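The figures here come from the full heavy-atom set of this structure, side chains too, leaving out hydrogens, waters and symmetry mates. Being a predicted model, the structure only gives us computed values, none of them experimental.
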Amino acid sequence: MPSDYRPRFVADQSLPYLAGLLDAVADVTYLPSQEITRKRLIEEKAEGLLIRSVTRCNQSLLEGTSIRSIATATAGFDHIDRDYCSSHGILWRNSPGCNARSVAHWVMGVLAERALRLKRPLAQETLAIIGVGHVGGNVQQMAEALGIKTLLVDPPRAEHEGVEGFSTLEEVAHEATIITFHTPLTKEGKYPTYHLLGEEFLQQCRKRPLILNAARGAIADSDALLRALASEKIEAFYLDCWEGEPNIRLDVLTQAERATPHIAGFSADGKARGTHMVVETALEHFGLDASLIPFERISLPTPESATIDLHSVSALRPEWVLAHTMKGLSHIEQALRQTPEQFESLRVHYDYPREAPAYRLQGVLPEEKQLFHALGYAIA
């Protein structure tokens with residue numbers, strides 16, 4: 001390619017921290033997600049796409065365009081038609097792990113709030129983690145730091161690594177008090193996950209577990225979930241991901257004890273990681289000079305109440321710290337319940353929280369330091 005070659009990109013304008021990063025090496029048109037259409041891609045003569053999960057990259061969008069590279073700032077990739085891309089020479093890449101810690105913080109944060117309400121330490125729970133990849137692995141690490149017994153279900157890993165250390169779905173249905181899902185959404189293959197959280201599994205639950213889904217909505221069969229709640233096979237369900245989103249079912253929303261609009265993976269830290277990975281993908285696919293990218297421009301906000309004082313907290317101290325960093329959830333949960341039709345808008349305009357390293361703890365006891373370090377917090 002000529003030395004002055006500048007590829008043309010179309011980017012979702014809601015990708016945080018992206019504006020200006022590629023200016024030195026490419027021409028970028030920023031569009032709202034709903035304006036990323038085949039017509040617009042052709043008009044812009046776009047060769048690369050920088051997107052979120054709301055952009056469906058399939059024949060309808062891509063046919064007749066000049067697109068030859070797709071980078072999505074998401075860990076998931078079910079919005080990309082991989083077969084179509086492969087058959088048309090379009091390179092694509094997701095951003096695995098970019099939001100893993102954020103989702104893990106959502107899981108442990110909402111569980112910490114529950115622990116405070118019940119006045120029961122998290123260490124008394126048995127937590128089943130279904131899917132132990134980037135996100136599930138982070139949940140496992142945080143849970144075990146808190147002294148929670150974990151049961152791990154990941155058939156592909158068990159097949160590859162050996163079954164020792166892994167449980168079956170039947171075993172966790174019998175033993176777990178909390179079950180959280182962190183698998184991709186698949187309908188084909190040896191281990192499909194579509195409606196994995198369904199009638200057969202839920203009817204086996206023996207300890208009325210709390211169910212969490214912060215993975216993909218269609219992992220859960222909504223009707224089966226409602227029936228399990230009505231028949232008291234489960235205690236409750238917390239949902240961040242929904243079948244049919246953004247057009248979510250009001251009966252499921254009403255019955256969900258905690259409800260957020262697919263924002264568990266939305267932290268400022270995770271968004272910055274995702275944008276960094278998207279830019280790196282674009283550079284690699286087009287052979288561009290990474291030294292010209294001003295990544296140092298990415299500046300994350302300082303959270304309100306960044307210093308957490310534990311001197312006056314006498315019980316459930318780790319749970320109190322985790323819950324303290326989840327204060328923003330109540331606002332978006334209330335907004336979702338009041339205006340569910342604004343599901344996507346709530347996501348776009350969500351005020352991204354910071355992850356644990358942005359907080360500094362005071363009054364930490366010597367015997368607690370290892371725990372809080374493992375959770376990611378800075379200690380004064």
For residues 121-133, please give each side-chain donor-acceptor pair under 3.5 Å, one per line with the distance, not counting sequence neighbours.
from: E125; atom 1: OE1; to: T177; atom 2: OG1; distance (Å): 2.7
from: E125; atom 1: OE2; to: R114; atom 2: NH1; distance (Å): 3.3
from: E125; atom 1: OE2; to: R120; atom 2: NE; distance (Å): 3.0
from: E125; atom 1: OE2; to: R120; atom 2: NH2; distance (Å): 3.0

Show every donor-acceptor pair shorter than 3.5 Å between a side-chain atom in residues 293-301 and any protein atom, with sequence neighbours excluded, or say none if there are none.
none

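Partners of R216 under the salt bridge (Lys or Arg N to Asp or Glu O under 4.0 Å) rule, at least two apart in sequence or in another chain, are D78. Qualifying side chain to side chain contact (heavy atoms under 4.5 Å, CB included) partners for P32, counting only residues two or more places apart in sequence or in other chains: Q13, Q34, E35. For K39, the salt bridge (Lys or Arg N to Asp or Glu O under 4.0 Å) partners at least two apart in sequence or on another chain are E43. Scanning for ring pair (Phe, Tyr, Trp, His ring centres under 6.0 Å) contacts around Y350 gives an empty result, with sequence neighbours left out. Not a single salt bridge (Lys or Arg N to Asp or Glu O under 4.0 Å) links D240 to another residue, sequence neighbours left out.
A distance of 5.5 Å separates CG in N213 from CD1 in I219, rounded to the nearest 0.5 Å. Separation of atoms CD (E144) and CG (L371) is listed at 13.0 Å; rounding is to 0.5 Å. In this structure, L151 CG and F166 CZ are separated by 12.5 Å, a value rounded to the nearest 0.5 Å. Note that the CD1 atom of I178 and the NZ atom of K207 stand 12.0 Å from one another [nearest 0.5 Å]. One finds the CZ atom of R101 at 14.0 Å from the NE2 atom of H134 (value rounded to the nearest 0.5 Å). Atom CZ of R206 and atom NE2 of H174 lie 3.5 Å apart (nearest 0.5 Å).
Identified under the salt bridge (charged side-chain N to carboxylate O under 4.0 Å, His left out) test for residues 253-267, with sequence neighbours left out: E113-R258, R117-E257, R258-E333. Applying the ring-ring contact (aromatic ring centres under 6.0 Å, His included) test to every pair with at least one member in residues 185-220, sequence neighbours left out, gives no pairs at all. For residues 360-376, the pairs satisfying side-chain hydrogen bond (donor to acceptor under 3.5 Å, both in side chains) are R317-E368, with sequence neighbours left out.
With hydrophobic clusters built from ILVMFWY side chains whose heavy atoms lie under 4.5 angstrom apart, F9 does not share a cluster with I42. Connection of W242 to V348 is not established within any shared hydrophobic cluster, with ILVMFWY side chains joined at heavy-atom distances below 4.5 Å, either directly or through further cluster members. If you chain together hydrophobic residues whose side chains sit under 4.5 Å apart, V172 and V163 never meet in one group. Residues V54 and L336 fall into different hydrophobic clusters, defined by Ile, Leu, Val, Met, Phe, Trp and Tyr side chains chained together at heavy-atom separations under 4.5 Å. Under the 4.5 Å side-chain contact rule for hydrophobic residues, I332 and M326 share a cluster.
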Full working for side chain to side chain contact (heavy atoms under 4.5 Å, CB included) between T260 and V110: CA-CA 11 Å; T260 52; V110 294; over 6 Å; no
Decide yes or no on side chain to side chain contact (heavy atoms under 4.5 Å, CB included) for R68 and L91, but give the supporting numbers first. CA-CA 6 Å; R68 55 193 181 92; L91 300 174; over 6 Å; no
Could you go step by step and tell me if L210 and L111 meet the side chain to side chain contact (heavy atoms under 4.5 Å, CB included) rule? CA-CA 10 Å; L210 171 67; L111 292 181; 3.7 Å; yes
Given Q140 and T150, is the side chain to side chain donor-acceptor pair (under 3.5 Å) satisfied, shown in steps? CA-CA 7 Å; Q140 177 191 1; T150 59; 4.8 Å; no
R38 vs S60, side chain to side chain contact (heavy atoms under 4.5 Å, CB included): CA-CA, chis, key distance, verdict: CA-CA 7 Å; R38 183 162 71 98; S60 177; 5.9 Å; no
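Tested against H79 for a side-chain hydrogen bond (donor to acceptor under 3.5 Å, both in side chains), the candidates N94, T72, N58, T55 yield a single pass: T72. With respect to F181, the side chain to side chain contact (heavy atoms under 4.5 Å, CB included) criterion is satisfied by exactly one of L196, V153, L212, T193: L196.
Contact annotation: the side chain of S102 never approaches that of D269 to less than 4.5 Å [non-hydrogen atoms, C-beta and beyond]. Counting heavy atoms from C-beta outward, L229 and I211 have side chains that stay 4.5 Å or more apart. Side-chain contact check for R249 versus D223: some heavy-atom pair is nearer than 4.5 Å. Within the 4.5 Å cutoff, the side chain of H182 has heavy atoms near those of the V107 side chain. Using a 4.5 Å heavy-atom cutoff, the side chains of D351 and H331 are not in contact. Counting heavy atoms from C-beta on, the side chains of Y238 and W106 come closer than 4.5 Å. Two residues are said to be in side-chain contact when any heavy atoms from C-beta on lie closer than 4.5 Å; Y377 and T325 meet this criterion. Side-chain contact between L116 and E319 is present, with heavy atoms from C-beta onward closer than 4.5 Å.
Taking a cutoff of 4.0 Å between a charged side-chain nitrogen and a carboxylate oxygen, E199 and R227 qualify as a salt bridge. Salt-bridge check for E304 with K327: failed, with every basic side-chain N at 4.0 Å or more from each acidic carboxylate O.
A donor-acceptor pair is defined here as one N or O able to donate and one able to accept, closer than 3.5 Å; such a pair exists between the side chain of R8 and the backbone of E44. Under a 3.5 Å cut-off, the side chain of R52 and the backbone N or O of L15 do not form any donor-acceptor pair. Under a 3.5 Å cut-off, the side chain of R347 and the backbone N or O of H262 do form a donor-acceptor pair. Side chain of E344 to main chain of P246: no donor-acceptor pair is present (N/O by atom type, distance under 3.5 Å, no hydrogens or angles). One N or O on the side chain of R337 and one on the backbone of L253 form a donor-acceptor pair closer than 3.5 Å. No donor-acceptor distance shorter than 3.5 angstrom exists from the side chain of R354 to the backbone of A268, with no hydrogens or angles considered. Although no hydrogens or angles enter the test, the distance criterion places a donor-acceptor pair under 3.5 Å between the side chain of R6 and the main chain of A24.
Counting non-hydrogen atoms of other residues, nucleotides and ligands closer than 6.0 Å to CD of E341 gives a total above 12. Dense packing is recorded around CG of D251, with more than 12 heavy atoms of other residues, nucleotides or ligands lying under 6.0 Å away.
Between Y352 and Y17, the distance from one ring center to the other does not fall under 6.0 angstrom.
When every heavy atom of A378 is checked against every heavy atom of P357, the shortest pair comes out as CB-O, 4.4 Å.
Hydrophobic cluster membership for L49: V10, L31, I36, L41, I51, L61, L62, I67, I70, F77, I80, Y84, I90, W92 (Ile, Leu, Val, Met, Phe, Trp, Tyr linked by side-chain heavy atoms under 4.5 Å, directly or transitively). Membership of an apolar cluster is not assigned to M277, as no side-chain contact below 4.5 Å to another ILVMFWY residue is traced.
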